[in-house]
Amino acid sequence: MEELPLYSALKKQEKLSRISFHTPGHKNNSKFQAIDFFKLDYTELPGTDSLYDAHTVIKKSEELMSKLFESKQTIFSAGGCTLCIQAMLKLALPYGGKIIASRMIHKSAVNTMAILNAKVKWVIPNINQSSGQFEQVDTAEIEKALFYNRDASCVYVTSPDYFGKIADIKSIAKVCKSYNVSLIVDNAHGTHLKFLPKDIHPITLGADIVADSAHKTLPVLTGGALLHIANKKYISKAKESMAIFGSTSPSYPIMASLDVCRDWLSKNGREAYSKLEKNILKIKDVALKKCILDDFENVDPIRLSLNTAKVGVLGIDAAEYFRKNEVEPELADRDRVVFIATPLNSDDDLAKLKSLIINFSSNKAIKNYIPIFEEPIVAKTLHEAMFSQSEKISSANSVGRICASTVCPCPPGIPILVPGEVITENSVQNLLHYGILSIDVIK
Ligand SMILES: Cc1ncc(COP(=O)(O)O)c(C=O)c1O
């Protein structure tokens, strides 16, 4: 038989039948809606509409989604949240324009800003000096940046972050309005926030444009994402902006999974998420008693982030403990291990996770790694640096060179360096800590 490396690896993963606390949110549950998506893999035909020129069935599906999320317009993406972020930036930021952005940012946004030749005023979130955890961006810092950068076209915030930390979108939106500047939010990790007992989706809280990575926390095929628009001025160009970056063959199964998910959400979403929230809060309570819960306040109630270094176990070792016990987390780093639960996880899945946390054995605390993120030294614009001739060199020998590509370990989801920035001793320390041994620099 011919070798099938990828297919075999996926079949192997399936055979392990670990409980999924990672993306995608459908948890490979083939019983959910029992749809054979292979059979739905069509293309643009007379009856199937066309994503970027939608007039019939895709348009109707998007309108129903928009109604559910109470946006002015919602657009499907089969190219993930990345495509929504690209479109959102193209809409809100003119070529060469200025943007105020939290440094907690996905690399797709930085790369798009580079393509758009943006001038970026970074707002660096604070770091908690005992846990090493990045705080969410502060409203007062955004306001200060708006005051000193009157030529900014928009403010860009990522909320929630990987660990579930939520920014005060309501107050940030208010400040942005007072400066007549749009607020755009990367809500990749928070599509489900709409369906919690307290709706804290950024569209509800006053953002102008929001990008949702639906496949991360909802039962949607990987790649399924949503671009929500609340500010009418962006509607006319929205599809066009997405089409610039997207494939001309968006996957119909992915789009259909968004449609099916919407139907399920409208009937079951609130009840399902309110039950899930109650169950996860019980698990968080156990984790709190074991002294490994990262945070209780200003976090997504569903996201579970355990700071295992606090009790002497490296996050990557803790992840192995969970894997050995048939539970697959979303991610782990030196200090933490993170779990994504959705209503597609059964009561048994949650009971298993809870019992593994109850039985988690601790050790002597390991000090959390405290990164140092200083105000970056900018030598070239994002655009110029990203499109310059570059070479790969060892990170250890890179002090003083100019970075040529975005270096963003996930977690923590904050770029250590973006194109055009000078590499410092601190950046090298962070690079080596996150295991980044080589780096692309300008020749
Ligand atoms: C904060 C954040 N934004 C955007 C993305 C991109 O989402 P997608 O994988 O759906 O393109 C990710 C993916 O991990 C993310 O963590």
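All ligand and atom numbering here is 1-based and tracks the order in the structure. This one's a predicted model, so the numbers in the text were calculated from it and none came from an experiment.
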Atoms in ligand 1 flagged as close to S213, the criterion being non-hydrogen separation under 4.0 Å: 7 (O), 8 (P), 10 (O)

Residues, nucleotides or ligands: over 12 heavy atoms within 6.0 Å of K27 NZ: yes

Closest protein heavy atom (residue, atom, distance) for atom 16 (O) of ligand 1: H189 NE2, 2.7 Å

Region of T158 that comes within reach of ligand 1 [heavy atoms, distance under 4.0 Å]: side chain

Shortest non-hydrogen separation from N325 to K352 and the atoms involved: O-CE, 3.0 Å

Under 4.0 Å to a heavy atom of G80 - the qualifying atoms of ligand 1, by number: 10 (O), 11 (O)

All side chain to side chain donor-acceptor pair (under 3.5 Å) counterparts of E62, not counting sequence neighbours: K239

L83 to ligand 1, any heavy atom closer than 4.0 Å: no

Residues E63, K59: salt bridge by 4.0 Å N-O rule: yes

Salt bridge present between K216 and E330 (N-O < 4.0 angstrom): no

Cation-pi geometry met for R336 and F163 (6.0 Å, 45°): yes

Protein contact to atom 3 (N) of ligand 1 [nearest heavy atom, distance to 0.1 Å]: D186 OD2, 2.6 Å

Y162, any N or O under 3.5 Å of ligand 1 N or O: yes

For atom 9 (O) of ligand 1, closest protein heavy-atom neighbour: K216 NZ, 3.6 Å

N or O contact, H215 vs ligand 1, cut-off under 3.5 Å: yes

Over 12 foreign heavy atoms within 6.0 Å of NZ, K174: no

Interfacing atoms of ligand 1 (cut-off 4.0 Å, heavy-atom, A188): 2 (C), 3 (N), 4 (C), 15 (C)

Per-residue contact class, T82 against ligand 1 - non-hydrogen pairs under 4.0 Å: both

Contact (N/O only, under 3.5 Å) between C81 and ligand 1: yes

Expected output: side-chain K380 to main-chain P419 donor-acceptor under 3.5 Å: no

